[in-house]
Protein chains: 2
Amino acid sequence: MSEKGVLNHPFRKGELLDLNCPSREILQHIASRWGILVLIALDRETLRFSELRKKISGISEKMLSQTLQTFEKDGFIHRTMLPVMPPHTEYRLTPLGLEVYEQVIHLSDWIELNLPRVLNAGKEA
Amino acid sequence: MSEKGVLNHPFRKGELLDLNCPSREILQHIASRWGILVLIALDRETLRFSELRKKISGISEKMLSQTLQTFEKDGFIHRTMLPVMPPHTEYRLTPLGLEVYEQVIHLSDWIELNLPRVLNAGKEA
DNA sequence: CAGTATCCGCTTGGATACTG
DNA sequence: CAGTATCCAAGCGGATACTG
């Protein structure tokens, strides 16, 4: 996925910095308190609500539900409800959501790998 | 330096999903309301406070100041104050900050490029 | 110009109760 | 199990006024 074009910015850049750019809203959804963690948790897996809650430690039912709904509306997550009792609901990334995942995983991996450097830089500053 | 073994498990995923992982805090800083936009705005440029405010349309003085201070502590941004009147202060990315920039620009570019697909997916869902 | 101080509303998130 | 509804406390974020 070495699309050189992206890093060279052949397309229009900086629209995100414009207050009225609709990309801002999508960025907000992804870079919300739990957005990136939900995307990472669904890494090519199909998970149920309770499994997601366990995997993303610290998230409340309310915020998980809210984040999942937002992503479902954005088309990043597919929700499958099985009409059984007790209820069984599954969540997985859509192809579009997988693309988003592939972008945010760069950031997530960088943070985990470079945390010592960041903490050290923080001390020096 | 083998306290948490972060460096020893470069491909381990999911530590971010742990409530007590210190990476969570750094992620919060970056994926805060204005974090990514500030990083993008400083794209290899040296800018003053007022220039940043103009470039990142919609940001308040308070949040710009707060975001800059957080990133300075994290070692992502370098601040240079010139002792002149009126005050002159410059901000630029540190080498560490540039690395973070290179991760988030993936996400930013993807959103701007694929916004039509996202908006369309939203309608269908 | 480069911020800080202040006030205020919205969001976040926990706890709990309830439904299908 | 998979949520929704409600209340409440705390913190985040925004607008404005003010200072060196």
Side-chain angles (χ1 to χ4, degrees), chain A residues 16-20 24-38 41-42 45-74 77-92 125, chain B residues 16-21 24-39 41-42 45-74 77-92 125:
Chain A
L16 257 174
L17 297 176
D18 181 350
L19 181 58
N20 299 317
R24 277 260 185 113
E25 193 183 335
I26 305 302
L27 177 64
Q28 288 307 320
H29 296 173
I30 298 169
S32 66
R33 179 150 181 73
W34 300 103
I36 290 180
L37 296 183
V38 166
L42 280 174
E45 283 191 281
T46 296
L47 294 176
R48 301 172 66 171
F49 189 86
S50 54
E51 291 172 326
L52 276 168
R53 272 209 72 192
K54 267 177 247 163
K55 193 165 180 182
I56 309 167
S57 71
I59 195 170
S60 66
E61 291 185 356
K62 184 177 165 184
M63 294 317 296
L64 177 56
S65 175
Q66 192 170 303
T67 306
L68 289 170
Q69 283 180 26
T70 300
F71 282 160
E72 195 187 356
K73 284 176 195 157
D74 287 336
I77 282 182
H78 184 77
R79 182 170 174 268
T80 308
M81 273 188 64
L82 304 181
V84 297
M85 203 50 162
H88 186 114
T89 311
E90 294 179 339
Y91 296 90
R92 59 178 169 80
Chain B
L16 258 175
L17 298 176
D18 182 347
L19 179 59
N20 298 318
C21 178
R24 276 259 185 114
E25 193 183 336
I26 305 302
L27 177 63
Q28 287 308 319
H29 296 173
I30 298 169
S32 65
R33 178 149 182 73
W34 299 103
I36 290 180
L37 296 183
V38 166
L39 291 171
L42 279 175
E45 282 191 281
T46 296
L47 294 176
R48 301 172 66 171
F49 190 86
S50 54
E51 291 172 328
L52 276 167
R53 271 209 74 193
K54 268 177 247 163
K55 192 165 179 182
I56 309 168
S57 72
I59 194 170
S60 66
E61 293 185 353
K62 179 181 166 183
M63 295 317 297
L64 177 56
S65 174
Q66 192 170 302
T67 306
L68 289 170
Q69 283 181 28
T70 300
F71 281 161
E72 194 186 355
K73 284 175 194 156
D74 287 336
I77 281 182
H78 183 76
R79 181 170 175 268
T80 308
M81 271 188 65
L82 304 181
V84 298
M85 202 51 166
H88 186 116
T89 311
E90 294 179 339
Y91 296 90
R92 60 178 169 80

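Numbers restart at 1 for each chain; the letters A, B, ... are given by sequence-line order, proteins then strands.
- One interatomic measurement links the two molecules: CD1 of A:I59 to P of C:dA15, which rounds to 15 Å at whole-angstrom precision.
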*Dot-bracket for DNA chain D, 5' to 3', with Watson-Crick and G-U pairs under 3.5 Å, [ ] for crossing pairs and | for other-strand pairs: what is it?*
||||||||||||||||||||
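- Using a 4.5 Å heavy-atom cutoff, the side chains of B:L52 and B:L42 are in contact.
- Between A:Y91 and A:R48 the shortest heavy-atom distance is CD1-C, 4.5 Å.
- Contacts between residues 51-58 of chain B and DNA chain D, defined by a heavy-atom separation below 4.0 Å, involve no residue at all.
- A donor-acceptor contact shorter than 3.5 Å links the side chain of A:R24 to the backbone of A:L17.
- Where A:P86 and B:P87 each meet DNA chain D at their nearest nucleotide, the meeting point lying more 5' is that of A:P86.
- A straight line from CD of A:E61 to P of C:dT12 spans 17 Å, rounded to a whole angstrom.
- Across all strands shown, A:Q69 has heavy atoms under 4.0 Å from sugar-phosphate atoms exclusively, and none from any base.
- Within 6.0 Å of atom CD in A:E25, 12 or fewer heavy atoms from other residues, nucleotides or ligands are found, so the atom counts as exposed in its surroundings.
- Of all nucleotides in DNA chain D, those with any atom nearer than 4.0 Å to a heavy atom of chain B start and finish, going 5' to 3', at D:dG13 to D:dG20.
- Contact annotation for B:Q28: no contact, since no heavy-atom pair falls under 4.0 Å across all strands.
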